[in-house]
Amino acid sequence: MDIVVLAGGLSTERDVSLITGSMVTKALRGRGHRVVMLDVFLGYGEEETDIAHVFSHCADADEAVSAISAQAPDLTQVKAMRKDSSDCFFGPNVIRICQAADIVFMALHGENGENGKIQAVFDLFGIRYTGTGYLSSALAMDKGISKTLFESAGVPTPHGISMKKQAQIPFSETGLSFPCVVKPCCGGSSIGVSIVRSEGDFDAALAEAFRYEQEVIVEDYIEGREFSVGVVDGEALPVIEIAPVEGFYDYKNKYKAGSAVETCPADLPEKIAARMQEVAVQVCDVLGLDAYSRMDFLLNDRGEIFCLEANTLPGMTPTSLLPQEAAAVGMDFGTLCEKLIHISQEKYV
């Protein structure tokens with residue numbers, strides 16, 4: 001197959017996306033596919049570049065890709081790398097090359113990747129892509145909307161509210177108590193997330209979250225163990241537990257090797273693990289997710305589970321969770337990548 005692996009972009013999760021793209025590209029090439037890895041923002045060549053033979057002259061996927069920084073990327077520097085100085089989200093030749101591919105493997109993470117906008121554009125251009133569609137992507141990305149849908153469907157989730165930057169309210173009017181969590185409404189990788197334990201820290205936490213978005217979520221802090229459950233083609237994978245060496249599962253602990261201990265299958269009573277898998281599949285139904293996704297959970301000391309969010313394009317880095325869950329059922333990384341392509345193609349039959 002001729003496959004585009006689409007990565008990079010202008011998300012705060014850009015670095016994560018590039019590593020995902022590099023890993024997927026290597027795996028698919030190793031299985032005999034002709035693969036081009038594209039940075040969705042920087043594009044390929046100049047506007048008039050001849051792309052007729054792009055799949056037979058695949059560039060090295062490791063070019064300009066090394067490791068994920070402990071800090072979110074500087075997007076101003078990324079924009080300065082664009083040769084045509086355009087603000088258009090799609091770089092030179094991206095749409096043309098994607099149209100020429102059999103399918104686009106979506107290795108994007110964060111705002112313009114998981115929020116449905118690119119999926120909608122691709123639908124209009126007749127471009128096939130991996131993962132769920134534009135509407136379910138948008139619902140899952142917006143934590144305020146997804147929380148409302150969870151509550152209406154009986155999905156256990158921490159109680160919380162959303163707050164606009166232009167309509168902030170004091171903590172005393174939120175109806176919540178300390179400790180609480182403040183996070184951007186549509187962010188990912190725990191960027192801009194704060195655990196707040198006193199009113200004196202609340203304003204600072206809001207300011208940090210509002211650096212990234214105009215809307216934030218304030219919700220109950222659930223103290224407990226952290227888990228994740230992937231769902232592929234309607235079936236839940238084994239539960240994986242994530243235990244940060246220190247602190248909580250923030251950006252650094254997610255992507256720096258050795259920062260967290262991950263155990264799959266998780267050491268859980270069978271009944272609790274089965275319930276977590278059941279809720280993960282329920283979340284897919286509530287949000288209309290198809291193909292594949294991954295749900296994040298907390299488990300408190302009373303055995304209660306809470307679904308935090310759904311991830312529509314789970315990471316595929318060396319430390320990512322979905323590949324570890326797939327490995328627990330005997331599926332190696334290359335097989336997983338191909339399976340995600342095949343189940344995504346079913347939308348177009």
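The shortest heavy-atom contact between L268 and I272 is CD2-CG2, 4.2 Å. Scanning both residues, V218 and C180, for their nearest heavy atoms gives CG1-SG, 4.1 Å. Pairing each heavy atom of T132 with each of Q119, the nearest pair is O-CG, 3.8 Å.
For the atom pair S11 OG and H109 NE2, the distance stands at 9.0 Å (nearest 0.5 Å). Distance CZ/R275 to NZ/K271: 10.5 Å, rounded to 0.5 Å. Once rounded to the nearest 0.5 Å, the distance linking CZ of R225 with CD1 of I222 reads 15.5 Å. If you take CG on L139 and OG on S146, they are separated by 8.0 Å, rounding to the nearest 0.5 Å.
F55 is connected to Y44 through a chain of hydrophobic side-chain contacts under 4.5 Å among Ile, Leu, Val, Met, Phe, Trp and Tyr, so both are in one cluster.
The environment of CD in E151 is crowded: more than 12 heavy-atom neighbours from other residues, nucleotides or ligands sit within 6.0 Å. Around NZ of K347, the count of heavy atoms belonging to other residues, nucleotides or ligands within 6.0 Å exceeds 12. Within a 6.0 Å radius of CZ in F210, other residues, nucleotides and ligands contribute more than 12 heavy atoms. Open room surrounds CD on E270; 12 or fewer heavy atoms of other groups in view lie less than 6.0 Å from it.
With a 6.0 Å cutoff to the six-membered ring centre and a 45° limit on the axis angle, K117 does not count as a cation-pi contact of F89. Judged by a 6.0 Å distance limit and a 45° cone about the ring axis, R197 is positioned over the six-membered ring of Y221. Figure legend: cation-pi geometry between R128 and F122 absent, as NZ or CZ is not positioned both under 6.0 Å from the six-membered ring centre and within 45° of its axis.
Put simply, the residue from E262, E241, Q324, R294 that forms a side chain to side chain donor-acceptor pair (under 3.5 Å) with S228 is R294.
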- request: Decide yes or no on ring pair (Phe, Tyr, Trp, His ring centres under 6.0 Å) for F171 and F178, but give the supporting numbers first.
  value: CA-CA 10 Å; F171 186 80; F178 294 112; 3.9 Å; yes

- prompt: Run the side-chain hydrogen bond (donor to acceptor under 3.5 Å, both in side chains) check on T130 and Y292 step by step: do they pass?
  reply: CA-CA 9 Å; T130 59; Y292 59 97; 3.3 Å; yes

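Inter-residue side-chain proximity for K79 and R82 is flagged as unmet; no heavy-atom pair is nearer than 4.5 Å.
Remark: K143 does not engage E219 in a salt bridge, criterion side-chain N to carboxylate O under 4.0 Å. Under a 4.0 Å N-O distance rule, the pair K165/E215 does not qualify as a salt bridge.
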